[in-house]
Amino acid sequence: MDNIAGQKSSLSWAVNITVVLLVLIWIIPTVGLLVSSFRDRDQISASAWWESPFPVEQAFRARAEGDVTQQGDLYVITGNVYEASEVASSFTNSRPPISAFGLTGREPGQFQAGEEVENRDGGTVIINSDGTFTFSTEEDPEAEGFPRIYFLAETPPDFDLQNYDTVLGGDGMGQAFINTLTVTIPATIIPILIAAFAAYALAWMDFPGRGLLIAAVVGLLVVPLQLALVPLLKLHQQIGIGQSFLGIWLAHTGFGLPLAVYLLRNYMVGLPRDIIESAKVDGATDFQIFTRIILPLSFPALASFAIFQFLWTWNDLLVAKVFLPSSDESWVMTVRIADDLLGSRGGDWGILAAAAFVSIAVPLIVFFTMQRYLVRGLLAGSVK
Amino acid sequence: MNPIVQGLITIVIGVGGCIGYFYGANFVLDRFIFPAKGKNAGQNINRANMVRPWLFLFPAMFALGLYLVYPVFGSFFRSLYNRSGNDFIGIGNYVTLAGDEAFRTAFLNNVLWVLFVPAVTTFLGLVIAQLTDRLRWGNIAKSIIFMPMAISFVGASLIWKFVYANDPDIGIINAIRVGLGGEPLDPLQVPFWNNFFLMVILIWIQTGFAMVILSAALRGVPEETIEAAIIDGANPFQVFFKIMVPQIMPTIVVVWTTITLLVLKVFDIVYAMTGGNFGTEILPSYMMNFMFRDDGIATAVAFVIMIAVMPVLIWNIRQARAEMR
């Protein structure tokens with residue numbers, strides 16, 4: 001298409017710009033999540049993730065601790081806010097200049113640094129940009145405790161793995177990750193074999209009712225899962241499986257089969273007839289043809305289905321909610337996020353971001369390494 | 001038992017059982033039931049070949065029957081009974097649903113989803129497929145737009161929670177609003193339009209799917225038809241909309257219906273984003289309100305979804321049969 005006569009080159013600029021914009025729209029939400037997952041809570045509340053490479057003006061709260069001298073009615077405290085016990089740990093490496101200070105939590109940046117202001121009880125307060133302060137008050141700090149001060153200081157960008165630590169340990173995403181893996185792997189492997197045999201029968205063996213069965217598989221492809229939930233859960237309870245890992249493996253196997261059979265049959269039917277017929281002439285049985293010829297040749301289709309089924313079971317919320325026990329030690333990651341973290345950690349964006357990223361990391365790796373098979377599977381399943 | 005150990009055992013038993021079944025059944029059939037020797041050898045081989053397809057099909061048919069065919073009927077019958085499942089109430093549950101304001105909201109919202117999401121997704125997919133096909137870095141662009149396909153609906157919802165967040169330091173939408181001098185607002189609480197903000201998430205996920213398939217179809221359009229149109233003086237837009245699009249119409253229909261089916265089933269996004277509040281309920285999420293509480297109503301909702309899917313199901317089967325002929 002590139003060099004067809006009559007193509008206008010001005011159009012190619014427009015195309016480039018449009019695609020750049022689209023790509024940006026598509027990737028920005030995910031980048032935001034990734035960046036936020038590495039920032040700590042204070043930085044997230046102080047600045048947006050797209051400002052994260054720059055220093056953040058962050059509000060600190062401390063007590064005006066220092067040397068006390070008495071001058072008339074007033075006690076005068078002199079000292080350095082960077083050394084106040086509540087904030088000292090934030091300033092061990094650097095002491096960024098203080099831009100503003102305040103006396104109430106509501107307005108931590110009410111006054112310019114270096115400005116001398118009236119205290120509530122008649123004294124004065126001054127905090128300089130290098131952190132030194134003079135605080136005079138009528139109240140005896142020895143008796144009443146040092147008074148509260150607030151100040152704004154620029155802190156450098158701070159990225160760490162703290163959120164991941166919290167999420168994997170205390171918030172149970174570590175256990176949930178293992179549960180997801182436990183659900184996913186058997187639920188991916190078992191349907192493949194069952195489907196491969198059925199697909200071969202539907203593709204290459206002649207028997208009455210074959211067309212009808214293929215039509216049935218196509219029909220089952222679109223049956224909504226919602227229908228299956230109530231009757232199957234009941235069935236599982238009656239035969240003693242109940243809500244358990246075994247139950248969810250069986251359920252995922254059943255639900256994955258129509259796509260598996262359909263994909264594999266479509267692929268197998270396209271394999272060259274000559275190979276199969278000459279094998280038959282040479283005396284191979286159907287079983288031998290299947291295991292020795294069809295199965296190895298169908299590897300791309302098997303891989304496509306495996307990826308689909310893996311992504312689908314890994315990302316599933318509905319089946320996990322219904323067929324797994326409702327106690328939290330067997331929650332998978334999607335359930336953990338949707339039912340627990342979104343509620344209990346609702347405003348804790350760093351934690352939520354880390355949890356989300358833990359759950360999407362593996363599918364993303366699978367996606368980027370095996371995109372070829374995924375695309376091939378999509379095409380085989382849909383374009384017909 | 002530890003679930004991991006149980007999982008490993010299941011893999012071994014499952015895979016071993018499958019191989020054992022297929023190999024064993026085949027072996028028994030050839031060796032003992034219809035042995036290919038003796039005076040009936042020829043007849044036996046024919047008979048064995050008639051039975052064998054069913055041996056191969058049996059596990060899949062059994063699982064499909066139990067996990068997909070039976071539930072269609074099971075759900076339908078269950079929906080005719082009351083909450084406890086003891087009393088037959090006919091279409092009572094459906095009458096209850098019809099009278100429920102929340103159900104009607106969910107139904108109408110679902111209609112919006114079905115109209116809007118497949119249309120926008122297919123259109124965007126088509127346009128992006130066409131645009132990226134001309135670019136040298138088109139494959140990278142495609143990968144990025146395709147990427148959300150790998151992300152779970154829950155993960156995607158969380159990603160978009162950030163985008164929609166009320167706080168202009170978190171949510172980019174509100175950051176832009178505030179930057180333009182507006183007041184921050186919660187997009188998910190804006191009546192009516194919040195439905196569309198939720199749909200955006202599904203569109204974001206599915207556009208890659210539409211793009212991949214339509215891009216393959218566009219490449220299959222015969223070059224001669226395009227060249228002929230260009231020689232006749234068609235501009236690029238005419239070439240695209242009047243020459244290429246009509247030729248890939250069947251694929252567009254497939255993409256459209258596939259996404260329509262998905263829209264009727266996805267409950268995760270609404271569930272994670274709003275929990276069905278603020279007038280955003282759709283049928284699948286509405287059904288989950290009754291799951292574990294009132295199976296009669298839950299199955300009735302599921303059956304309503306099934307009826308909505310029915311036309312596509314029939315159309316798909318027709319297509320499949322037409323191809324086989």
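Reminder, nothing fancy here: chain letters follow the sequence lines and each chain counts from 1. On a predicted model such as this, the values are computed, not experimentally measured, just so you know.
Note on ring orientation: taking the six-membered ring where Trp is involved, the planes of B:Tyr21 and B:Phe58 are tilted (angle from 30° to 60°). The aromatic rings of B:Phe56 and A:Phe197 stand perpendicular to each other, their planes meeting at an angle above 60°, with 30° marking the opposite boundary.
Both the backbone and the side chain of A:Leu317 come within less than 4.5 Å of a heavy atom of chain B. Residue A:Lys234: no heavy atom, backbone or side chain, is found under 4.5 Å from chain B. Heavy-atom distances place the side chain of B:Phe267, and not its backbone, under 4.5 Å from chain A. Contacts of A:Trp50 with chain B are made by side-chain atoms alone, with heavy-atom separations under 4.5 Å and no backbone atom involved. When heavy atoms are compared at a cutoff of 4.5 Å, B:Ile172 approaches chain A by way of both its backbone and its side chain. Contact annotation for A:Ile307: neither backbone nor side-chain heavy atoms come within less than 4.5 Å of a heavy atom of chain B. With a 4.5 angstrom heavy-atom cutoff, A:Phe357 does not touch chain B via any of its atoms. Neither the backbone nor the side chain of A:Ala260 has a heavy atom closer than 4.5 Å to any heavy atom of chain B. Using a 4.5 Å cut-off between heavy atoms, A:Ser36 contacts chain B through its side chain alone, with no backbone atom that close. Proximity to chain B (any heavy atom under 4.5 Å) is restricted, for A:Leu233, to the side chain, taken from C-beta onward. Residue A:Ala353 touches chain B through both its backbone and its side chain, counting heavy-atom pairs closer than 4.5 Å. Looking at A:Ile178, the atoms closer than 4.5 Å to chain B (heavy atoms on both sides) all sit in the side chain, from C-beta outward. Heavy atoms closer than 4.5 Å to chain B are found in the backbone of A:Pro208, but not in its side chain. Contacts between A:Val366 and chain B at a heavy-atom distance below 4.5 Å are absent for every atom of the residue. Interface residue B:Met147: backbone and side-chain heavy atoms are both found under 4.5 Å from chain A. Only the side chain of A:Ile28 comes within less than 4.5 Å of a heavy atom in chain B; its backbone stays farther off. Of the atoms belonging to B:Met306, heavy atoms from both backbone and side chain fall under 4.5 Å from chain A. Looking at B:Leu66, the atoms closer than 4.5 Å to chain A (heavy atoms on both sides) sit in the backbone and in the side chain alike.
Applying the 6.0 Å contact sphere to CD1 of B:Ile140 captures no more than 12 heavy atoms from other residues, nucleotides or ligands. The environment of B:Phe292 atom CZ is dense: over 12 non-hydrogen atoms of other residues, nucleotides or ligands sit within 6.0 angstrom. In this structure, A:Phe368 places its CZ atom where more than 12 heavy-atom neighbours from other residues, nucleotides or ligands lie under 6.0 Å away.
Ranked by non-hydrogen atom pairs under 4.5 Å with chain A, the options B:Ile19, B:Ile159, B:Val69 are led by B:Ile159.
Annotation: B:Trp160 is in aromatic contact with B:Trp204 [ring centroid separation under 6.0 Å]. For A:Phe367 and B:Phe146, the ring centers are positioned less than 6.0 Å apart.
A side-chain donor-acceptor contact under 3.5 Å links A:Thr180 to the backbone of A:Met333.
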